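The structure appears right after this line, and notes come after that.
In this text, all values refer to a predicted model and were calculated from it rather than measured experimentally.
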Amino acid sequence: MLRFVVVGGSIAGVACAYALQEVGHQVLVVERGDGRCNSHGGIRCPPNMTRLLNHWGLGPAIARVSIKANRFTFRDGKSGEELGPLVLHEKLMKALAADFLYMQHGALHAMFVEFAKNAGVQFRYNTEVVSVDPWKGVVITRKGAKLSADVIIGADGYRSVVRPVVVGPEGIKGVMDKRVSVNITVPADLMRPHKDLFQLTVSPEWSLWLGDDCAMHGLLTSFKQEYAIVMHVPTNGKPTQDSWARSQPLDEKFLKLDRFEPKIQKLVRFAQTMTPTSHTIYEPFDNWVHESGRVVLVGEAAHPLMPNGSHNAAMSIEDAMTLSTLFSLPAAKSHTSVLLSAYEELRQPRCAATQASELRKRDFVCLPFGPEQQARDDGLRDARARALLDWDDAEEEFLRDTWEEYIDLFAFDAREAVEDWWTKWGRLYCTRRCQHPE
């Protein structure tokens with residue numbers, strides 16, 4: 001049994017804590033906040049994430065707080081015209097053995113905290129970590145307390161304290177994203193009396209409105225009680241906050257609201273506040289594991305993805321499954337550094353590819369008006385009829401062009417990736433190290 005200290009009570013941190021405790025380790029989560037998650041934003045749970053939650057036996061709990069998606073619908077932002085759908089065909093989802101779900105960020109976080117505490121994970125709230133000694137395996141808090149561990153997990157998010165210890169200050173280089181992501185939540189009760197908005201309160205589709213150099217998407221969360229909106233708008237070179245925690249009064253000019261149809265303008269105006277979040281685009285970090293073999297990064301501390309993408313939570317859950325599966329293998333404590341190196345090797349290319357895919361899809365829906373935007377819209381219109389065909393009736397070339405990248409993302413199984421690594425060379429390597437210790 002190893003002792004883990006997880007710095008940060010994010011979804012990434014609590015999921016790692018739960019998963020590692022479940023495979024027999026002792027885990028302490030250190031969180032600077034009071035443990036309450038006030039986020040009401042919606043998150044998407046793609047099949048690669050849902051599958052792992054089901055493996056942990058969390059499926060019934062997830063079903064109580066989620067909505068199953070049936071399709072993604074692209075619309076012209078100014079007119080509301082349906083440009084084309086991406087239908088989640090039943091046959092495809094059965095092959096993936098998992099659904100695409102929507103849920104509230106706070107509901108998922110609360111669920112993981114509950115399961116982690118029930119599993120025996122210890123939590124220390126209102127405890128800010130100010131430094132880490134990677135060689136001694138010690139976390140130091142602002143009040144001077146020193147917490148020892150065999151492994152320290154940095155799960156403290158976008159502005160991680162642990163990251164510079166692993167990456168080094170010279171290794172953290174990035175450029176400010178040209179767009180800002182804005183979270184807005186509207187109570188569904190305010191929408192239902194309006195005929196033009198009512199359908200949004202009952203439909204399980206994910207709707208995307210494509211505007212001039214901007215976009216908006218929305219989905220139902222929280223037992224159909226809230227409509228979670230994300231708007232991607234250009235920054236015009238102006239700095240904005242990089243925190244999810246602070247909301248501010250709704251600003252129609254900032255949101256470029258006049259670039260959207262009247263129905264959307266009315267919908268957004270129901271909200272009193274908005275939470276804009278800027279994003280620095282980093283080159284993938286060379287190291288996620290400190291050379292001491294005692295400190296490792298997970299979640300946004302390791303791979304700060306674009307805010308409000310489809311795979312932010314999914315990548316964190318995959319990190320947790322990868323670490324816990326590695327540390328459930330029949331390996332000795334002396335193999336800790338080997339297992340952490342395997343985690344880094346398995347996760348880095350996957351997260352880098354996902355980050356590139358997320359940015360590419362975001363830029364696709366945010367094209368400024370012009371020839372490229374017109375070609376995109378024409379392509380969506382041309383594909384509309386084929387997209388609505390039954391899976392067996394659709395053209396193979398169309399399915400491949402439409403779904404190849406999605407399937408690469410959705411079909412990935414973090415647990416199977418570890419098992420493949422162990423079978424190919426992990427078992428042999430650990431056996432040799434036992435026979436010939438360094």
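Side-chain atoms of Ser203 do not come within 3.5 Å of backbone N or O of Leu200 as any donor-acceptor pair. For the pair Glu31 (side chain) and Gly33 (backbone), a donor-acceptor distance under 3.5 Å is present. A donor-acceptor pair is defined here as one N or O able to donate and one able to accept, closer than 3.5 Å; no such pair exists between the side chain of Ser160 and the backbone of Asp156. Here the side chain of His25 pairs a donor or acceptor atom with the backbone of Phe327 at under 3.5 angstrom. Counting only distance, with no hydrogens or angles, the side chain of Glu416 and the backbone of Asp413 share no donor-acceptor pair below 3.5 Å. Side chain of Gln248 to backbone of Thr273: no donor-acceptor contact under 3.5 angstrom is found. At distances below 3.5 Å, at least one donor-acceptor pair connects side-chain atoms of Asn312 with backbone N or O atoms of Met306. At distances below 3.5 Å, at least one donor-acceptor pair connects side-chain atoms of Asn118 with backbone N or O atoms of Glu114. A donor-acceptor distance shorter than 3.5 angstrom exists from the side chain of Thr354 to the backbone of Arg350, with no hydrogens or angles considered. Between the side chain of Arg179 and the backbone N or O of Asp213, at least one donor-acceptor pair lies under 3.5 Å.
At a cut-off of 3.5 Å, with distance as the only test, no side-chain donor of Trp56 or Glu22 sits close to an acceptor on the other residue. At a cut-off of 3.5 Å, with distance as the only test, a side-chain donor of Asn308 or Asn183 sits close to an acceptor on the other residue. In summary, the side chains of Glu205 and Thr73 do present a donor paired with an acceptor at a separation below 3.5 Å, with no hydrogens or angles considered. Side chains of Asp319 and Thr322: a donor-acceptor N/O pair is absent below 3.5 angstrom, by distance only.
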Test side chain to side chain contact (heavy atoms under 4.5 Å, CB included) applied to Ile11 and Leu108, step by step: CA-CA 8 Å; Ile11 286 177; Leu108 180 64; 3.8 Å; yes
Asp189/Arg192 under salt bridge (charged side-chain N to carboxylate O under 4.0 Å, His left out): CA gap, chis, key distance, verdict: CA-CA 5 Å; Asp189 284 344; Arg192 290 191 180 98; 2.5 Å; yes
Worked verdict on Glu372 versus Arg376 for salt bridge (charged side-chain N to carboxylate O under 4.0 Å, His left out): CA-CA 6 Å; Glu372 193 175 0; Arg376 176 202 66 194; over 6 Å; no
Asp76/Trp209 under side chain to side chain contact (heavy atoms under 4.5 Å, CB included): CA gap, chis, key distance, verdict: CA-CA 6 Å; Asp76 181 283; Trp209 288 267; over 6 Å; no
Salt bridge (charged side-chain N to carboxylate O under 4.0 Å, His left out) between Glu82 and Arg71, intermediate numbers included: CA-CA 13 Å; Glu82 181 177 325; Arg71 68 184 229 168; 3.1 Å; yes
Side chain to side chain contact (heavy atoms under 4.5 Å, CB included) assessment of Gln355 paired with His303: CA-CA 8 Å; Gln355 179 184 38; His303 43 81; over 6 Å; no
Val186 vs Met191, side chain to side chain contact (heavy atoms under 4.5 Å, CB included): CA-CA, chis, key distance, verdict: CA-CA 8 Å; Val186 177; Met191 301 164 59; 3.9 Å; yes
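Distance check: Gln265 CD to Phe260 CZ gives 9.5 Å after rounding to the nearest 0.5 Å. Distance check: Ile62 CD1 to Ser66 OG gives 6.5 Å after rounding to the nearest 0.5 Å. Atoms NZ and CG, on Lys266 and Leu190 in that order, are 12.0 Å from each other to the nearest 0.5 Å. To the nearest 0.5 Å, atom CG of residue Leu28 and atom OG1 of residue Thr127 are 8.5 Å apart. For the atom pair Ile264 CD1 and Leu255 CG, the distance stands at 12.5 Å (nearest 0.5 Å). The distance from atom SG of Cys214 to atom NE2 of His232, rounded to the nearest 0.5 Å, is 10.5 Å.
When side chains are defined from C-beta on, Arg347 counts as touching Met315, because their heavy atoms get closer than 4.5 Å. Residues Phe285 and Gln348 fail the side-chain proximity criterion, which asks for heavy atoms closer than 4.5 Å. Side chains of Ile184 and Val268 form a contact here, defined as non-hydrogen atoms less than 4.5 Å apart. Side-chain contact between Asp212 and Lys78 is absent, with no heavy-atom pair separated by less than 4.5 Å. Using a 4.5 Å cut-off on side-chain heavy atoms (C-beta onward), Ile229 and His217 make no contact. Using a 4.5 Å heavy-atom threshold, the side chains of Val180 and Met231 count as separate. Side-chain atoms of Phe198 and Thr201, non-hydrogen and from C-beta on, do get closer than 4.5 Å to each other. Counting heavy atoms from C-beta on, the side chains of Val132 and Val166 never come closer than 4.5 Å.
Across every non-hydrogen atom of Gly157 and Arg163, the tightest pair is O-NH2, 3.5 Å. Contact record, Ala12 with Val298: CB-CG2, 4.3 Å, taken as the closest heavy-atom pair. Here the closest heavy-atom approach between residue Ala17 and residue Val121 is recorded as O-CG2, 3.5 Å. Of all the heavy atoms in Val14 and Ala116, the pair that sits closest is CG1-CB, 4.0 Å. The shortest non-hydrogen separation linking Met93 to Pro47 is CE-CG, 3.7 Å. Closest heavy-atom contact between Val7 and Val139: CG2-CG2, 4.1 Å.
Glu300 has no carboxylate O lying under 4.0 Å from a charged side-chain N of Arg159, or vice versa, which leaves the two without a salt bridge. Under 4.0 Å is where a charged nitrogen must lie from a carboxylate oxygen, and between Glu419 and Arg415 at least one such pair does. A salt bridge links Arg381 and Glu81; the closest N-O separation between the charged side-chain nitrogens and carboxylate oxygens is under 4.0 Å. Ion pair Arg360/Glu405 flagged as a salt bridge, since at least one NZ, NE, NH1 or NH2 atom sits closer than 4.0 Å to an Asp/Glu carboxylate oxygen. Looking at Asp99 and Arg51, no side-chain N of the basic residue comes within less than 4.0 Å of a carboxylate O on the acidic one, giving no salt bridge.
Taking the ring pair (Phe, Tyr, Trp, His ring centres under 6.0 Å) definition, one finds that His194 meets it with Phe270, sequence neighbours left out.
Cation-pi geometry between Lys117 and Tyr18 is not met at under 6.0 angstrom from the ring centre and within 45 degrees of the axis.
The 12-atom threshold is exceeded at NZ of Lys263, counting heavy atoms of other residues, nucleotides or ligands nearer than 6.0 Å.
Ring planes of Phe100 and Tyr102: perpendicular class, angle over 60° (limits at 30 and 60°). By the 30° and 60° cut-offs, the orientation of the rings of Phe72 relative to Trp206 is perpendicular.
If you look at Phe412 and Phe410, their ring centroids are not closer than 6.0 Å.
For residues 340-372, the set of pairs meeting the ring pair (Phe, Tyr, Trp, His ring centres under 6.0 Å) definition, not counting sequence neighbours, comprises Trp288-Tyr343.
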